[in-house]
Amino acid sequence: MSAPVLEISNLSVRLPNDLKVLNTVDLRVEPGEVRALVGESGAGKSMLGKAVLGILPAGLRQTGRITVLGQALDQLPASVRRREVARHVSLIPQDPLTALNPVRPIAAQMTDAMVRIHGWPRRKALARAADLLEQVHIRDVARVLKSYPHELSGGMRQRVLIAAAFATEPKLIVADEPTTALDATVQREILRIIRGLQQETGTTVLFVTHDMGVVAQISQRVTVLFGGRVVEHIDTEALFAGAGQGHAYSRALIRATPDWTRSDAPFAPVPPEVIADLMQEQTR
Amino acid sequence: MTALISVRDLTVSYPDHGARRLFGPVPRKTILHGVTLELPKGRITGIVGESGSGKSTLGRALVRLVRPDAGQIIWAGGDRPVDLAPLDEAQLKPLRQDLQMIFQDPMSSLNPRQKIWQLIAWPLRRYGLDASRAAACAALERVHLGAAFADRFAHQLSGGQRQRVGIARAIALNPQFILADEIVSGLDVSSQATVLTLLQDLARDMNLTVAFISHDLSVIRHLCDDLIVLNHGRIVESGPVAQIFDAPSAAETRKLIAAVPLPKPDAEWLT
Ligand SMILES: Nc1ncnc2c1ncn2[C@@H]1O[C@H](COP(=O)(O)OP(=O)(O)OP(=O)(O)O)[C@@H](O)[C@H]1O
Ligand SMILES: Nc1ncnc2c1ncn2[C@@H]1O[C@H](COP(=O)(O)OP(=O)(O)OP(=O)(O)O)[C@@H](O)[C@H]1O
Ligand SMILES: [Mg+2]
Ligand SMILES: [Mg+2]
């Protein structure tokens, strides 16, 4: 078996007040896998993505090990680490507006990274940018390349960021809720595109989402986080099989998901007793 | 059923920099083409449509963040109906408290140096309401954030926690109308369920009229009373939500409904 693309062991991240936002997390993602990372708001999903990219907010302390493509990132000098991460790992960030520079046109923003990382001539980078924008179903590529972020709709900005993530030909993409602002039609297109690009390039994807419908369609395995800890790693098929597989908490997340085909069965937040049981389990 | 807001033949355009020529004025691109709709008092109206169809533009026109090129936006929330469309900012000022909005990430435009309770208190003070820490904390409680969050800063909250602050900020003002643009798309399913239930309860208790923009049709189906489907800046279908889901008449609506990812794996779905 080939080495995992991403291996995290015993990772903890502490706030200045010593509170742990990630707590002894273990995670192993195989090449070509799409791994869903789910959990409630504040569970630490984005924090885990940031730790992988080495962009934790200042003042947070990290312990444990993160290995990408067999390289222990934390052992590398900061400058080497930054270069290695930029070359192999891309982020599709959670917030499409603040992730783009408001005063630079899309073309410049998309090509900068390609030029910097691979040393490609700007013409080649621009052609690749245009090609990727077409692949994410941007209708008016020439206009979008000339546009500034505020001139694009939310969904267009998010598609630009997805195209930009694949532009540098990464081995691993951390996608932090990449389709949340998209309409259902485009979301489906985008998930197809991510899956298509992912299968074509063999890129591994760590897919952060709160949408259990998306989890069911895109991932092979699911990691469930609660309060900074891993609740379980489970095969997607098993989790949704409905035969009592999976942790009670994971099943409650599925029941919290609205499903328009079941207008009689309303969704409900995760029941407090499920949370209480889980917290007790975690402190054991 | 009386309408709180009636929109007639609304046309909105933006400057089109992509089509800019060397000389002359920047050409404009029409986004909404003569849209007519009613937002019934005390009801939640969903607005759906594919990306770029003009949902946010329509929302921004309803709360007069953009100025329409043509058409009327009749506001029936005061003593007598007024057309919001031609008003300037000074004329809009007394109406603003009643026209609140919540966006996908309401905190990104706010002062990062202010504590959460101050962010909530600031608009309260602007409208001459009780702007104490206690009043702000009461609003936080209503969105299930404890007083422990009052002294944090926006960057110290997760995306979901921030969104609840955005809702607290809007409802603290007791408005008649709330525009909610993709407000649950950053939330996990559990707090999404909480927020939707909360919004539904608040809307009922406060007799709020809500325009709810969302790409999630399952959410729309469970939350909204009425639905408007936009396509390329035109309304292609509108009516009670149950009726539209049971028998969608527009092809665009059927396409949107078919694209909803349901929480059960389906090998066909991505092919
Ligand atoms: N810069 C920061 N300083 C201190 N605490 C932070 C900071 N950023 C996030 N946190 C806290 O860390 C925890 C994990 O946050 P994170 O953003 O990883 O959550 P998440 O699982 O991505 O949630 P969401 O679904 O809302 O995006 C939360 O409790 C949050 O309040
Ligand atoms: N300030 C602006 N200047 C120029 N064009 C704009 C501006 N804001 C939006 N547009 C354009 O108007 C069209 C409609 O945008 P709008 O944001 O209303 O779409 P939307 O339906 O909300 O899409 P999404 O689901 O992606 O949020 C898009 O083509 C967009 O590029
Ligand atoms: Mg997050
Ligand atoms: Mg929008």
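Chain letters run A, B, ... following the sequence lines, proteins first, then strands; residues in each count from 1. On a predicted model such as this, the values are computed, not experimentally measured, just so you know.
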What part of A:Leu15 is in contact with chain B, defined as an atom under 4.5 angstrom from a non-hydrogen atom: side chain, backbone, both or neither?
neither
Tell me, side chain or backbone of A:Glu189 under 4.5 Å from chain B's heavy atoms, or both, or neither?
neither
When the 4.5 angstrom heavy-atom criterion is applied to A:Ser147 and chain B, the contacting part is neither
Chain B shares the most heavy-atom pairs under 4.5 Å, among A:Pro57, A:Ala241, A:Ala216, with A:Ala216
Contact class of A:Glu151 relative to chain B, heavy atoms under 4.5 angstrom
side chain
CG-CG distance between B:Leu58 and B:Leu32, expressed to the nearest 0.5 angstrom:
5.5 Å
Applying a strict 4.5 Å limit to non-hydrogen atoms, the region of B:Leu223 in contact with chain A is neither
I'd like to know which of A:Arg192, A:Arg139, A:Met212, A:Met156 tops the heavy-atom pair count under 4.5 Å against chain B.
A:Arg192
Among the listed options A:Gln187, A:Gln217, A:Glu237, A:Glu40, the residue most often paired with chain B at heavy-atom distances under 4.5 Å:
A:Gln217
Given the options B:Ala193, B:Ala242, B:Pro265, which has more heavy-atom pairs under 4.5 Å with chain A than any of the others?
B:Pro265
Heavy-atom pairs under 4.5 Å with chain A, option from B:Asp216, B:Thr197, B:Thr271, B:Leu217 with the top count
B:Thr271
Main-chain N/O of B:Ala139 paired to B:Arg169 side chain as donor or acceptor, under 3.5 Å:
no
Just so I understand: if I count every heavy-atom pair under 4.5 Å between each of B:Ser190, B:Gly54, B:Ser53 and chain A, which residue has the most?
B:Ser190
B:Asp181 side chain to B:Phe103 main-chain N or O, any donor-acceptor pair under 3.5 Å?
no
Contacting region of A:Arg195 [heavy-atom separation from chain B under 4.5 Å]:
side chain
Taking side chain as everything from C-beta outward and backbone as N, CA, C, O, which of these in B:Val48 sits under 4.5 Å from a heavy atom of chain A? Side chain, backbone, both or neither.
neither
With rounding to the nearest 0.5 Å, note down the distance linking CD1 in A:Ile190 to CD1 in A:Ile193.
4.5 Å
With a 3.5 Å distance limit and no angle check, can you tell me whether B:Lys55 reaches the backbone of B:Gly49 through a side-chain donor-acceptor pair?
yes
Interatomic spacing from OG in A:Ser153 to CZ in A:Arg159 - rounded to 0.5 Å:
6.5 Å
Inspect the contact between B:Lys264 and A:Asp259 and indicate whether a charged nitrogen and a carboxylate oxygen are less than 4.0 angstrom apart.
yes
Side chain, backbone, both or neither: which part of A:Thr185 has a heavy atom under 4.5 Å from chain B?
both
Measuring from B:Arg164:CZ to B:Leu198:CG, what's the distance to the nearest 0.5 Å?
9.5 Å
Engaged part of A:Arg255 at the chain B interface, taking heavy atoms whose separation is under 4.5 Å
neither
Using non-hydrogen atoms and a 4.5 Å limit, figure out which bit of B:Thr194 sits close to chain A: side chain, backbone, both or neither.
both
Return the minimal non-hydrogen interatomic distance between B:Arg28 and B:Ser13, and the atom names on each side.
NE-OG, 2.8 Å
Rounded to the nearest 0.5 Å, how far apart are CZ of B:Arg67 and CD of B:Glu89?
10.0 Å
